[in-house]
Amino acid sequence: MEARLPRGFGDRGPQELAAMRGMLEKIRTTFELYGFEAVETPFIEYTEALGKFLPDLDRPNEGVFSFQDDDDQWLSLRYDLTAPLARFVAEHFDALPKPYRSYRHGYVFRNEKPGPGRFRQFMQFDADTVGAPGVSADAEMCMLMADTLEAVGIKRGDYVIKVNNRKVLDGVMEAIGLAGDENAARRLIVLRAIDKLDRLGPEGVAALLGTGRKDESGDFTKGAGLEPKAIETILAFTSAKADSALDTLANLGVVVSGSAIGAEGVAELAEIASLVAAGGYEDGRIVIDPSVVRGLEYYTGPVFEAELTFEVKGEDGKPVRFGSVAGGGRYDGLVARFRGEPVPATGFSMGVSRLLSALSVLGKLGGQAEAQGPVVVLVMDKDQIAHYQKLVSTLRQAGIRAELYLGGSGMKAQMKYADKRHSCCVVIQGSDEREKGEVLIKDLILGATLASAPDREAYLKAQAEAQFAVSEAGMIEAVHKVLARHA
RNA sequence: GCAGCUAUAGCUCAGUUGGUUAGAGCGCUAGAUUGUGGAUCUAGAGGUCCCCCGUUCGAGCCGGGGUAGCUGUACCA
């Protein structure tokens with residue numbers, strides 16, 4: 001049998017885990033600063049509880065991982081943290097304070113093709129406000145997004161939070177005659193085309209809105225089949241973004257003129273813009289951008305997403321496209337599915353895995369590179385293991401991470417082992433030292449700097465300088481000293 | 001899903017017009033060099049040449065099918 005992992009899943013080593021722990025802690029601190037409280041839901045929910053937003057209930061494994069319980073009911077691994085929260089809020093509605101402000105993090109699962117920064121299991125960190133109808137809740141989400149990105153080490157100017165509104169998009173649809181249920185499918189195609197603006201450019205989007213588009217491998221994607229005039233309207237909409245929020249809003253107002261829902265959306269955006277400005281975030285951190293769509297069907301109002309603005313290059317030197325590192329929006333219909341009464345809600349998720357992956361490609365995780373390993377006590381004489389074990393215990397009781405070498409190899413291999421563990425130092429006691437009641441403490445980091453020598457003899461001589469003998473009683477103090485030297 | 005490309009040692013890859021026992025570098029293990037990470041030297045382990053079928057006296061190499069991976073595209077709640 002071959003040891004292998006399904007694609008899109010990954011094992012995580014100590015440095016990645018440490019980086020993730022650090023990032024989660026920073027996000028949590030920021031979210032709590034805003035007054036959100038922790039709540040967690042399980043990995044698995046009833047498939048129907050995750051939403052009618054599944055693309056196709058007849059094929060429950062399309063997009064989500066699903067399986068049947070022993071009572072034949074369909075269960076699914078959660079694909080985000082929002083749908084489970086909606087279930088939780090609906091179930092405990094009467095006991096929760098309204099508005100209810102909560103956060104959570106955890107792995108979510110998507111059964112789809114992985115890519116750079118895209119995994120089938122990934123970590124999200126999520127914040128939601130349920131029961132707040134006004135756009136001030138949406139504006140707060142945008143500001144929290146900005147503060148959180150900076151808390152995890154992304155500099156101001158290296159990210160942008162783009163805000164749009166589903167109602168404005170609906171207004172545009174009305175303007176090109178795609179209103180009504182009978183046009184829902186075509187509206188979706190149009191929305192997806194708009195979503196690709198940053199990747200394909202206006203020409204690519206125009207092709208997708210019209211007859212279709214051929215990609216570089218020669219594959220053809222069928223278009224929405226819109227009239228040239230309608231395409232023009234949409235491109236006018238996507239290019240409505242101007243240097244200032246006021247100008248952008250004015251442009252949007254023109255595109256949606258005549259549509260009540262569109263005007264409402266623009267008014268909401270205007271209010272968000274002024275709230276954001278009042279908070280001091282209108283310095284390029286949070287901008288109105290009509291090209292933001294968000295794929296989800298459940299959004300009903302403002303939508304927002306965070307993107308990194310610097311270029312990330314892969315190993316081949318080509319730019320890597322990571323997509324958004326956080327996203328969210330208003331979903332007034334999601335809790336209502338369980339309660340039969342409208343419950344306004346808004347929230348967003350940070351893509352922790354994607355952020356980590358972007359920062360690591362960027363080399364920005366290097367700071368905490370290799371954590372220091374434990375002190376290793378070498379085994380020089382196998383019949384003295386009990387005594388070596390006692391030395392290890394002594395170190396541990398002093399709060400020093402330490403371990404006994406448990407392998408079967410010789411001294412040289414033991415040194416190599418300690419090296420690979422990134423140990424700061426090793427404790428050596430051969431028969432010479434034992435007779436004197438001493439131990440040798442070798443500083444491996446100092447030793448590494450003395451490694452270049454013309455021959456073996458000189459090398460060993462240099463290595464001897466990196467070690468010193470102390471009495472067994474003085475071991476703790478000496479090890480502390482070496483650890484402090486390299487802290 | 002669709003399209004293109006790829007598949008040989010743990011990793012990166014050679015492998016001639018189809019020809020005996022499939023190689024290199026790195027890594028790994030052990031030994032030598034006084035009881036010490038490096039350097040050097042010696043030795044060793046490690047392969048279903050992705051799988052199946054076909055062509056051929058003979059296939060790592062040619063043909064067909066399958067599988068997996070990569071890239072693009074679609075989808076991404």
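Here the structure is a predicted model, which means the values were calculated and not measured. So that the names make sense, note that chain A is the first sequence line, chain B the second, and so on, each numbered from 1.
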Worksheet entry | Partner nucleotide, any strand, of B/rG10 [Watson-Crick/G-U, under 3.5 Å] | B/rC26
Practice prompt. Report the base-pairing partner of B/rG46 (Watson-Crick or G-U wobble, both distances below 3.5 angstrom), or none.
Written response: none
Worksheet item: Taking the same atom, P, in B/rC76 and in B/rA7, what whole-Å distance lies between them?
Response: 34 Å
Worksheet item: With no angle test and no hydrogens, is the base of B/rU36 tied to the side chain of A/Q414 by a donor-acceptor pair under 3.5 Å?
Response: no
Worksheet item: Is there a side-chain hydrogen bond (donor to acceptor under 3.5 Å, both in side chains) between A/R78 and A/S76 once you walk through the steps?
Response: CA-CA 6 Å; A/R78 62 186 180 193; A/S76 292; over 6 Å; no
Practice prompt. Have a look at A/L378 and say if it touches a base, only the backbone sugar-phosphate, or nothing, with a 4.0 Å heavy-atom cut-off.
Written response: nothing
Fill in: Euclidean distance, atom CG of residue A/D432 to atom C1' of B/rU34 [Å, nearest integer]
11 Å
Fill in: A/R101 to A/F36 six-membered ring, cation-pi geometry met (6.0 Å, 45°)
yes
Worksheet item: Counting only heavy atoms not in A/E477, do more than 12 sit closer than 6.0 Å to its CD atom?
Response: no
Worksheet, complete the sentence: Between CD1 of A/I441 and C1' of B/rU36 the distance, given in whole Å, is 15 Å
Worksheet item: Quantified in whole Å, what is the C1' atom distance between nucleotide B/rG46 and nucleotide B/rG1?
Response: 40 Å
Worksheet item: Which whole-number value in Å describes the distance from A/D11 CG to B/rG10 C1'?
Response: 16 Å
Worksheet item: Distance between the C1' atoms of B/rA3 and B/rG44, in whole angstroms?
Response: 47 Å
Worksheet entry | Atom P, compared across B/rG37 and B/rA30: separation rounded to whole Å | 13 Å
Fill in: C1'-based separation of B/rC26 from B/rG64 [nearest Å]
38 Å
Worksheet item: Among B/rG35, B/rC75, B/rA30, which nucleotide sits nearest the side chain of A/A413?
Response: B/rA30
Discussion item. Check for me whether the distance between the ring centres of A/Y79 and A/F65 falls short of 6.0 Å.
Written reply: no
Worksheet item: How close or far is atom C1' of B/rC76 from atom CZ of A/F122, stated in whole angstroms?
Response: 9 Å
Worksheet item: Near A/E227 CD, under 6.0 Å, is it more than 12 heavy atoms from other residues, nucleotides or ligands?
Response: no
Item to complete: Return the value, rounded to whole Å, for the distance between atom NZ of A/K196 and atom P of B/rG72.
Response: 15 Å
Item to complete: Report the base-pairing partner of B/rA59 (Watson-Crick or G-U wobble, both distances below 3.5 angstrom), or none.
Response: none
Fill in: Atom C1', compared across B/rC49 and B/rA9: separation rounded to whole Å
10 Å
Worksheet entry | Centroid separation A/F338 to A/Y46 less than 6.0 Å | no
Worksheet item: A/K113 near the nucleic acid: base, sugar-phosphate alone, or nothing, with a heavy-atom cut-off under 4.0 Å?
Response: base
Discussion item. Strictly by Watson-Crick or wobble contacts shorter than 3.5 Å, is anything paired with B/rG4, and which nucleotide is it?
Written reply: B/rC70
Item to complete: Could you measure between the two C1' atoms, the one in B/rC57 and the one in B/rA14, and give it in whole Å?
Response: 28 Å
Discussion item. Let's test this: given Watson-Crick or G-U wobble pairing with both distances under 3.5 Å, identify the partner of B/rA32.
Written reply: B/rU40
Worksheet, complete the sentence: Quick tally for nucleotides 37-44 of chain B: nucleotides whose base has a protein heavy atom under 4.0 Å get B, sugar-phosphate-only ones S, the rest -, giving BBB-----
Discussion item. On RNA chain B, does the nearest nucleotide to A/Q429 precede the nearest nucleotide to A/S409 from the 5' side, or the other way round? Give the residue.
Written reply: A/S409
Discussion item. Output the rounded distance in Å from CG (A/L50) to P (B/rC76).
Written reply: 17 Å
Worksheet item: Contact class for A/K461 (heavy atom, under 4.0 Å): base, sugar-phosphate, or nothing?
Response: nothing
Fill in: Interatomic distance at C1', B/rG60 relative to B/rA22, whole Å
8 Å
Worksheet item: Hey, would you say the A/Y405 and A/Y388 ring centroids sit under 6.0 Å apart?
Response: no
Discussion item. Distance check needed: B/rU36 C1' versus A/D381 CG, whole Å only.
Written reply: 15 Å
Discussion item. For A/Q68, I'd like to know if atom CD has over 12 heavy atoms of other residues, nucleotides or ligands within 6.0 Å.
Written reply: yes
Worksheet item: Counting N and O atoms only, with roles assigned by atom type, does the side chain of A/S423 sit under 3.5 Å from a partner on the main chain of A/P374, one being a donor and the other an acceptor?
Response: yes
Practice prompt. On RNA chain B, check which nucleotide each of A/I428 and A/K420 is closest to and give me the residue with the more 5' one.
Written response: A/K420
Worksheet item: For B/rC76, which nucleotide in any strand shown is its Watson-Crick or wobble partner with both distances under 3.5 Å?
Response: none
Worksheet entry | Nucleotide B/rG69, atom P - distance to CZ of A/F9 in whole Å | 12 Å
Worksheet item: When we call it a touch if two heavy atoms are under 4.0 Å apart, what does A/L450 touch: a base, just sugar-phosphate, or nothing?
Response: nothing
Practice prompt. Is it possible for you to check whether A/R166 lies under 6.0 Å from the centre of the six-membered ring of A/Y299, through NZ or CZ, and within 45° of that ring's axis?
Written response: no
Worksheet item: For the side chain of A/R118 and the base of B/rC76, is some donor closer than 3.5 Å to an acceptor across the two?
Response: yes
